[in-house]
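Here is the structure we will look at, set down as structure tokens.
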Amino acid sequence: MPKDKDKQEVRVRYAPSPTGYPHVGNIRTALFNWLFARHHKGSFIVRIEDTDTARTVEGAVDAILEGLRWLGMDWDEGPDISGDYAPYFQSQRLNLYKEAAKRLIEQGDAYYCYCTPERLEEMRAEQIRLKQPPGYDRHCRDKSATGSVLKVMSGLKRVVRFRTPLEKQITFTDIVRSDVTFESSCIDDFVLLKSDGYPTYHLASVVDDHNMGISHVLRAEEWLSSTPRHLMLYDALGYKPPQFAHLPMLLGKDRSKLSKRHGAVSITDYKDQGYLPEAMLNFLSLLGWSLDDKTEIMSIQEIINNFSLKRVNQTAAIFNSEKLDWMNGVYIRNLNPEDFTRVSMPYLERDLPPDIERPLSAEYVSRITPLIHERVKRLDEVAGLTDFFFAEELEYQPELLIVKKMNRDLSLNALETAYLKLKRMHQFDEEAIEGVLRPLAEELELKVGQLFGTLRVAITGRAVAPPLFQTMAVLGQKRCVRRVKKAINTLKEMPETAEGA
RNA sequence: GGCGCAUUCGUCUAGCGGCCUAGGACACCGCCCUCUCAAGGCGGAGAUCACCGGUUCGAAUCCGGUAUGCGCUACCA
């Protein structure tokens, strides 16, 4: 047989359930599916698994799609754009599942179960008490169907359960974990159709993956133990199963499943904190996958070109945001000045104190942002790093004005001398300022660090700030002179014996 | 409890029988650069490759067991 015969088109799917925010672990799964599809020039499909009516959250679908869009992941078929296998909401495909369930019942591979939740709970409690493996006791498995007509007529709720083969070995080859074997004797008669008419994940995903022509199922490792159930369903339904690849999970710092108490877990949180989508995508791609032993910073295209399930590892990874911060800094520094200003703007508008006039001047901002560009790891730091450029008046912590190896009088003298010099300047650009201040240090017999440090506090109100001369040039002569004056006054109000911080 | 998967520096990872006295990156420490902070450069510390046996001339790499972690064991996905 020619090789190409069994080479099928790659069709993968991301199948989130809209029960909350788009979790990064979940998004990482979406990413691997997307990378796999794009690498193989296949299709990436988004399918909404809204079969749990109780847990469905309003707006969750939009948030999920928004997360994908933000990262630049596009889909070929999905809830908003439809496609050849529409609809892409499972809640709109109920007939398909019902038909499948009906067929299984007729074939004898499934049956109605009338056990009440109360009975099931009691049964489970008893099993746990007796240290038996919990699971459905197959109470309704071999009940004749004749009695059920009466039960249905009397309004009794029922579910459809799979008639799990009692003794069967299920072996499959997982792309990332190779051969895995399960005994069907350890699997109970799981529910296929719930009493509300909705399918469980097991039935719905099998029916849809088959109907939508999915070639590879790439999902998190937590699904590994469910795979034999799915395989039995494929078998009973006469479907050819797809290939499976179970991806390593994402864990929190304490090695437990990543959740809200570990901090930000929603992809939207990362956007809000000022991570660039390219950095986020690069970082996420490296959680469980690697190109080689050294390459880390890669463009989306490079990742797509090189992505392979062969290089996906089997170990769960701890989501470590320190490294993300570093990587985001790299991406920020790689931005050209215009782009950095552009991406910073929304964060400035959002984070600067409310008393600062809006909208911000784009021209003014574009003169400030280059001064902090290489210092930023996250865009939500930008406002805190630059607020003194926008404030009219500064409030000083007096002790900051006395830098190390200085005292009150020395500082006062330095500032007063500088004040006079600055006031008299005709040109106020970076070179001119440096031309005045550098000789001044010598004149005052101070180290440049002492003079510039003192001035830095006077000009910015803080001990750590962007380079002095550039900062002053952006602020302008008037404001600089005014601030130095205020610093002088602040120092004068201090007792003569005052010490620096 | 049962079943399954996993186990290399604190973290992300490279490694697929000899290239490993285990490589890279983040974080950390030191030095250089320097007006502070960053960025950058250089250097350092950090992993008896979970443990115990076996196979082999030779094992992080193959096999078995143990331990630990994680997952599943719902009318949740």
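Each chain gets a letter, A, B and so on, in the order the sequences are listed, and its residues count up from 1. Side chains included, hydrogens not; waters and symmetry mates left out as well; all remaining heavy atoms used.
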Parallel, tilted or perpendicular: ring planes of Y21(A) versus H23(A), cut at 30 and 60 degrees: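 The rings of Y21(A) and H23(A) lie parallel, inter-plane angle below 30°.
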Hey, do the aromatic rings of [X] and [Y] have their centres closer than 6.0 Å?
| X | Y | answer |
| --- | --- | --- |
| Y201(A) | H230(A) | yes |
| F319(A) | Y270(A) | yes |
| H210(A) | Y234(A) | no |
| F162(A) | Y136(A) | no |

Extract from the structure each pairing of a protein N or O with an N or O of nucleotides 26-28 of chain B at less than 3.5 Å, listing the distance.
| unit_1 | atom_1 | unit_2 | atom_2 | d |
| --- | --- | --- | --- | --- |
| C26(B) | O2' | K323(A) | N | 3.4 |

Listed nucleotide nearest any side-chain atom of A317(A), set U36(B), U13(B), C75(B): U13(B)
Nucleotide nearest L224(A) when distance is taken to its side chain, options C72(B), G4(B), A77(B):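 Nearest to the side chain of L224(A) among the choices is G4(B).
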Interatomic distance, R219(A) CZ vs A77(B) P [rounded to whole Å]: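 Roughly 13 Å, once rounded to whole Å.
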Along RNA chain B (nearest heavy atom to each residue), the more 5'-positioned of A463(A) and C186(A): C186(A)
P16(A) or E222(A), whichever maps to the more 5' nucleotide of RNA chain B: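 Per heavy-atom nearest nucleotide, the more 5' residue is E222(A).
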Donor-acceptor pair under 3.5 Å, S195(A) side chain vs C75(B) base: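 Answer is yes: a donor-acceptor pair is held.
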SB check E296(A) K323(A) (cutoff 4.0 Å): yes
Lys/Arg-Asp/Glu bridge criterion (N-O < 4.0 Å) met for K294(A), D292(A): no
side-chain N/O T19(A) vs A77(B) OP1/OP2, d < 4.0 Å: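 Indeed not, no polar side-chain atom of T19(A) lies that close.
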N/O (side chain, T51(A)) to phosphate O (OP1/OP2, A77(B)) under 4.0 Å: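 The answer is yes; a side-chain N or O of T51(A) sits under 4.0 Å from OP1 or OP2.
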Those residues that, when tested against R163(A), pass side-chain contact (heavy atoms from CB on, under 4.5 Å) (two or more places apart): Y111(A), R141(A), D142(A)
Touch class at under 4.0 angstrom, heavy-atom based, for R124(A) against every strand present: sugar-phosphate
Nearest-0.5 Å distance that lies between atom CH2 in W289(A) and atom OG in S308(A): 9.0 Å
Check nucleotides 6-9 of chain B for protein N or O atoms closer than 3.5 Å to its own N or O atoms and list the pairs.
| unit_1 | atom_1 | unit_2 | atom_2 | d |
| --- | --- | --- | --- | --- |
| A6(B) | OP1 | Q314(A) | NE2 | 3.1 |

